[in-house]
Protein chains: 2
Amino acid sequence: MKNPKIPEATVVRLSIYSRYLTRLEQQGVPTVSSGEIAQAVGVSAAQVRKDLAYFGEFGTRGVGYGVKTLNAQILKILGLSTPWSVVVVGVGNLGSALASYRGFARRGFLIRALFDRDPAKVGRILNGLPVYGLERLPEVVRQVGASIGVICVPADQAQPVADLLVAAGIRGILNFAPQYISVPEPVLVRNVDLSVHLEVLSFGLVRRAEGERPGLAAAGNRPEE
Amino acid sequence: MKNPKIPEATVVRLSIYSRYLTRLEQQGVPTVSSGEIAQAVGVSAAQVRKDLAYFGEFGTRGVGYGVKTLNAQILKILGLSTPWSVVVVGVGNLGSALASYRGFARRGFLIRALFDRDPAKVGRILNGLPVYGLERLPEVVRQVGASIGVICVPADQAQPVADLLVAAGIRGILNFAPQYISVPEPVLVRNVDLSVHLEVLSFGLVRRAEGERPGLAAAGNRPEE
DNA sequence: GACTGTGAAGCCATTCACAGCT
DNA sequence: AGCTGTGAATGGCTTCACAGTC
């Protein structure tokens, strides 16, 4: 049981459990059951236990889980025990919004620098962060020790920017551009595609309207119980 | 084969295929093969064919698919033949950014109104759109005929706002708040959780660093071929 | 020869159901 | 009695491999 293959869905849920546990911790709740976690985040209790079981035994039978210790374990599993340095490329509407999003820092993702191709934006300060030109990206990425890059540029620039980030030593990319990007082996990419989410909703809505029973199966939108 | 259960992953990919086909269409490319689509969006050719096969036969053996007709079919399947009216609740950094995001309108999602609790924001015009107080939400939602609502408020307000949207007749919700929300039966919810994406990257990065072979399985980050 | 459509096989994730501990 | 941990069963998605068509 030491090093099984972990479903990505499990990792996503761990992240969500952790956020809930953090809130319980702040409220001073000492202990929680898989059923309570399940209800709070919209999954089944068996799912919660199975997800945790990939990594060890964290609970006490008949009692539940210690909120504080369980959260500490999950944070460690997720690699959040120490903070990550992040850079954002593309300071349009979305890039600016992400640069000032509090939720990232709260979970240990510290945005360290912003980049943009547009000379009119270079040199500005946004939310306390300087905007650099792309030519300084390699230098600055190394200087701030960034491991993760966020791409918020138009689709046609996404691949070149990804190449630039990879060349600078970035190891993970969060891509908001509506564009598939390819990266060499050890680098990880996650795509956040805003239109796609609306289109999946659209599909579900017209299916229902047409009186189709089944609709969608599982995932993103969680089952009620 | 008329009305099988469609995997959500298939719907997500259809949306991505469609975006690629739209670009080909603009370039005047008449015909495309499953292999070309596959390469462009980072999935396998068999996957492309299987996804399309859920809905019918759109190609010609030995030739491929007509770009224009295939895209029209996919748009119809996704419910994008006619535009959707959308409202955004919460005009902070993220809400404002989404309100001016061009990609939505381009795919037929027309943002019709903005809402915020903060009286200081009410009455402003953002990107040509008025910001209303929450008390006017039911009225305005009906007036503009909105079917989809986007939630960009802090976590503790997400559930009340969702309830408000549902009561106003909204049928689909895109939730950017880091919070599970529950809605009554026919209403659809999709959660876009920005921190979670970074945490999944974080997990993958520390796993690799520890020399673990397997890492993550499938999905969000697509296989190379 | 090139490419689609599809049953069958393989693989992966979730649910079930119960043994095991407190 | 209450709740965790887990093997077994189920269900679902993806890949394979090939027949069918142009």
Side-chain angles (χ1 to χ4, degrees), chain A residues 1-2 4-14 16-17 30-39 41-67 69-70 73-74 200 214-225, chain B residues 1-2 4-14 16-17 21 29-39 41-67 69-70 73-74 200 214-225:
Chain A
M1 177 58 57
K2 185 57 231 301
K5 222 172 293 150
I6 311 298
E8 173 170 285
T10 288
V11 180
V12 168
R13 286 189 297 264
L14 284 179
I16 293 168
Y17 304 158
T31 211
V32 69
S33 71
S34 59
E36 290 170 305
I37 297 173
Q39 175 141 50
V41 306
V43 302
S44 74
Q47 183 78 79
V48 173
R49 294 198 299 275
K50 187 62 112 185
D51 286 337
L52 296 175
Y54 284 115
F55 301 96
E57 310 193 359
F58 305 115
T60 312
R61 292 169 195 225
V63 179
Y65 304 89
V67 168
T69 62
L70 179 59
Q73 295 284 353
I74 296 181
V200 177
L216 292 176
N221 187 10
R222 300 188 198 78
E224 289 305 316
E225 165 57 89
Chain B
M1 178 58 57
K2 183 58 230 302
K5 221 170 296 148
I6 312 298
E8 171 170 288
T10 289
V11 180
V12 168
R13 286 189 297 265
L14 284 179
I16 293 168
Y17 303 159
L21 291 169
V29 177
T31 212
V32 70
S33 70
S34 59
E36 289 170 306
I37 297 173
Q39 174 140 50
V41 306
V43 302
S44 74
Q47 183 78 79
V48 173
R49 295 197 299 275
K50 187 61 110 182
D51 285 338
L52 297 174
Y54 284 114
F55 301 95
E57 310 194 359
F58 305 114
T60 312
R61 294 171 194 224
V63 179
Y65 303 90
V67 169
T69 63
L70 179 59
Q73 294 284 353
I74 296 181
V200 176
L216 293 176
N221 188 9
R222 300 187 198 80
E224 289 306 317
E225 165 63 85

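Order of the sequence lines fixes the chain letters, A, B, ..., with proteins taken first and strands second; residue numbering starts at 1 for each chain.
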For atom [atom1] of [X] and atom [atom2] of [N], their distance in whole Å:
{"X": "A:Tyr54", "N": "C:dA13", "atom1": "OH", "atom2": "P", "result": "6 Å"}
{"X": "B:Leu52", "N": "C:dT6", "atom1": "CG", "atom2": "P", "result": "11 Å"}
{"X": "B:Leu14", "N": "D:dT14", "atom1": "CG", "atom2": "C1'", "result": "15 Å"}
{"X": "A:Phe55", "N": "D:dT4", "atom1": "CZ", "atom2": "P", "result": "18 Å"}
{"X": "A:Gln73", "N": "D:dG5", "atom1": "CD", "atom2": "P", "result": "12 Å"}
{"X": "B:Lys50", "N": "C:dG7", "atom1": "NZ", "atom2": "P", "result": "7 Å"}
{"X": "A:Glu57", "N": "D:dC3", "atom1": "CD", "atom2": "P", "result": "18 Å"}
{"X": "A:Arg13", "N": "C:dA13", "atom1": "CZ", "atom2": "C1'", "result": "8 Å"}

Item to complete: Could you tell me whether the side chain of B:Lys5 has a donor or acceptor atom within less than 3.5 Å of a complementary atom in the base of D:dG11?
Response: no
Practice prompt. Please report the closest heavy-atom contact between A:Leu52 and A:Phe58, naming both atoms and the distance.
Written response: O-CE1, 3.5 Å
Given [options], identify the nucleotide with an atom nearest to the side chain of [X].
{"X": "A:Pro7", "options": "C:dG5, C:dA13, C:dC16", "result": "C:dA13"}
{"X": "A:Gln47", "options": "C:dT15, D:dT14, C:dT6", "result": "C:dT15"}
{"X": "B:Ser33", "options": "D:dT4, C:dC3, C:dT15", "result": "C:dC3"}

Worksheet item: Of all residues at least two apart in sequence or in a different chain, which pass the side chain to side chain contact (heavy atoms under 4.5 Å, CB included) check with A:Ser33?
Response: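 A:Ser33: side chain to side chain contact (heavy atoms under 4.5 Å, CB included) contacts with A:Glu36.
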Rounded to the nearest 0.5 Å, what separates atom [atom1] in [X] from atom [atom2] in [Y]?
{"X": "B:Thr69", "Y": "B:Leu21", "atom1": "OG1", "atom2": "CG", "value": "9.5 Å"}
{"X": "B:Gln47", "Y": "B:Ile37", "atom1": "CD", "atom2": "CD1", "value": "12.5 Å"}
{"X": "B:Ile74", "Y": "B:Ile16", "atom1": "CD1", "atom2": "CD1", "value": "11.5 Å"}

Fill in: Phosphate OP1/OP2 of C:dA2: any B:Tyr65 side-chain N/O under 4.0 Å
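It does not, given that no N or O in the side chain of B:Tyr65 lies less than 4.0 Å from OP1 or OP2 of C:dA2.
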Worksheet item: Any side-chain N or O of B:Ser34 under 4.0 Å from OP1/OP2 of C:dC3?
Response: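 No, because none of the side-chain N or O atoms of B:Ser34 sits under 4.0 Å from OP1 or OP2 of C:dC3.
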Anything under 3.5 Å between a protein N or O and an N or O of nucleotides 18-22 of chain D, put it in a table, one pair a line.
{"residue": "D:dG20", "atom": "O4'", "partner": "B:Arg61", "partner atom": "NH1", "Å": "3.4"}
{"residue": "D:dG20", "atom": "N3", "partner": "B:Arg61", "partner atom": "NH1", "Å": "3.2"}
{"residue": "D:dC22", "atom": "O4'", "partner": "B:Arg61", "partner atom": "O", "Å": "3.1"}

Worksheet entry | side-chain hydrogen bond (donor to acceptor under 3.5 Å, both in side chains) partners of B:Tyr17, counting only residues at least two apart |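 With sequence neighbours excluded, B:Tyr17 shows a side-chain hydrogen bond (donor to acceptor under 3.5 Å, both in side chains) to B:Asp51, given in chain and number order.
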Worksheet item: If we only count heavy atoms from C-beta on, is the B:Phe55 to B:Leu14 side-chain gap below 4.5 Å?
Response: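 Yes - at least one pair of side-chain heavy atoms lies under 4.5 Å apart.
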